[in-house]
Amino acid sequence: MRDRFVADPRTRVTIADLAHGTSLTDAVETFRGRSVMIVTKGQLPAVLALCQLDGIAGRLLLCPPELNAATIQAILHQAQIDTVVTDGTGPVLQWPAAVRVVACGDTISATAEEPVRRIETEWVLLTSGTTGLPKLAVHSLAALTGPLRERSTSATSLVWSTFYDVRRYGGLQILLRALGSSGSMVLSDPDEAVSDFLDRAAQNGVSFISGTPSHWRRALMSERPSGFSPKYVRL
């Protein structure tokens, strides 16, 4: 059986490497109990940070990629964030002096010490409102994964993917289903052509994939990917 992994168009990280290494420039234990905002351009750095900080941070807030600097600053204060994890891309921000800024990446390096004690982390997701600032919705990991458990037993070792960004609720559900069921995850990329994404899904053995009818309309109108034959497609 091949190693479980999370992959984007550029990088593939195995879960085994992630369990023994880190993508953060600061030790994981230094985040204990902190309120952390994750601001990255790509999905993979955010996923790696999430996996390392759940059970350590007191609060995790995922920023979707389309947020502008003013919105991020407002949410920073509203959510009482004291630590920002960022890959240094996206809107140019002047972080408050009281906020600790830690760099993250999409590769694993160094050896991470096993945390001694895990705590219950608040997961904060932004609602997709069309006017004004997004509202903050607080979840627990147990609440997010609860609806997934009944159908997870048959998904062991499968490879999942989705057109959605995993920093939004719909995409995060697919990510949690994949990782929570001992599966792997292939991440999409907004700069990637649909045919290239589906070819990459085929190369990585994607079994389950989800998207909106609009996503699938684009897929049907694109060049047919060679060898892509998933077991399950969700509209």
Side-chain angles (χ1 to χ4, degrees), residues 2-15 17-18 23 38-51 62-69 71-72 85-92 103-108 125-128 130 134 155 157-181 183-235:
R2 63 180 176 178
D3 290 337
R4 297 172 60 210
F5 64 89
V6 180
D8 69 4
R10 294 161 294 279
T11 309
R12 180 188 181 107
V13 175
T14 67
I15 302 301
D17 285 345
L18 180 58
S23 64
I38 300 174
V39 186
T40 62
K41 179 182 180 181
Q43 297 183 71
L44 184 56
V47 170
L48 300 182
L50 271 180
C51 291
L62 275 172
C63 282
E66 74 277 0
L67 298 183
N68 58 36
T71 300
I72 292 175
V85 170
T86 179
D87 60 359
T89 61
V92 177
C104 68
D106 59 3
T107 57
I108 301 299
L125 304 179
L126 304 183
T127 60
S128 55
T130 55
S157 301
L158 293 178
V159 182
W160 296 75
S161 190
T162 179
F163 286 91
Y164 303 134
D165 192 297
V166 297
R167 290 164 289 186
R168 301 186 186 91
Y169 183 81
L172 184 61
Q173 288 282 292
I174 303 300
L175 175 68
L176 294 177
R177 186 180 289 276
L179 300 184
S181 61
S184 297
M185 183 73 185
V186 174
L187 302 168
S188 60
D189 189 298
D191 298 327
E192 187 176 25
V194 171
S195 57
D196 291 340
F197 168 51
L198 295 180
D199 278 340
R200 184 165 58 88
Q203 293 164 10
N204 282 281
V206 167
S207 318
F208 283 52
I209 186 168
S210 67
T212 66
S214 295
H215 288 137
W216 291 113
R217 186 178 304 114
R218 289 170 54 205
L220 291 171
M221 294 175 66
S222 69
E223 182 180 349
R224 176 177 294 182
S226 57
F228 184 53
S229 182
K231 295 180 181 179
Y232 177 87
V233 170
R234 182 170 183 175
L235 300 181

[atom2] on [Y] to [atom1] on [X], rounded to 0.5 Å:
X: Leu179; Y: Leu18; atom1: CG; atom2: CG; result: 9.0 Å
X: Leu158; Y: Ser184; atom1: CG; atom2: OG; result: 9.5 Å
X: Asp165; Y: Asp189; atom1: CG; atom2: CG; result: 9.5 Å
X: Leu172; Y: Leu62; atom1: CG; atom2: CG; result: 6.5 Å
X: Lys41; Y: Thr86; atom1: NZ; atom2: OG1; result: 12.0 Å
X: Thr14; Y: Asp3; atom1: OG1; atom2: CG; result: 5.5 Å

message = Which label fits Phe163 and His215: parallel for a plane angle under 30°, tilted from 30 to 60°, or perpendicular past 60°?
response = parallel

Keeping [X] on the side-chain end and [Y] on the backbone end, is there a donor-acceptor pair under 3.5 Å?
X: Asp17; Y: Val13; answer: no
X: Thr71; Y: Leu67; answer: no
X: Arg234; Y: Thr212; answer: no
X: Ser161; Y: Val186; answer: yes
X: Gln43; Y: Val166; answer: yes
X: Thr162; Y: Ser210; answer: yes

Nearest heavy-atom neighbours spanning [X] and [Y]:
X: Arg167; Y: Cys63; result: CD-O, 3.5 Å
X: Asp87; Y: Gly42; result: OD2-N, 4.0 Å
X: Cys104; Y: Pro45; result: SG-CB, 4.1 Å
X: Arg12; Y: Asn204; result: NH1-OD1, 2.6 Å
X: Arg4; Y: Ala178; result: NH2-O, 4.1 Å
X: Ala201; Y: Phe228; result: CB-CE1, 3.7 Å

With the side chain counted from C-beta on, respond yes when [X] and [Y] share a heavy-atom pair under 4.5 Å apart, and no when they do not.
X: Val39; Y: Thr89; result: no
X: Val159; Y: Phe5; result: yes
X: Met185; Y: Arg177; result: no
X: Phe208; Y: Ile174; result: no
X: Asp106; Y: Ser23; result: no
X: Pro65; Y: Arg168; result: yes

Derivation and outcome, side chain to side chain contact (heavy atoms under 4.5 Å, CB included), residues Trp160 and Leu176: CA-CA 10 Å; Trp160 296 75; Leu176 294 177; over 6 Å; no

Salt bridge (charged side-chain N to carboxylate O under 4.0 Å, His left out) assessment of Glu192 paired with Arg10: CA-CA 11 Å; Glu192 187 176 25; Arg10 294 161 294 279; over 6 Å; no

Give the C-alpha distance, both sets of side-chain angles, the deciding distance and a yes or no for side chain to side chain contact (heavy atoms under 4.5 Å, CB included) between Phe197 and Ile209.
CA-CA 11 Å; Phe197 168 51; Ile209 186 168; 4.2 Å; yes

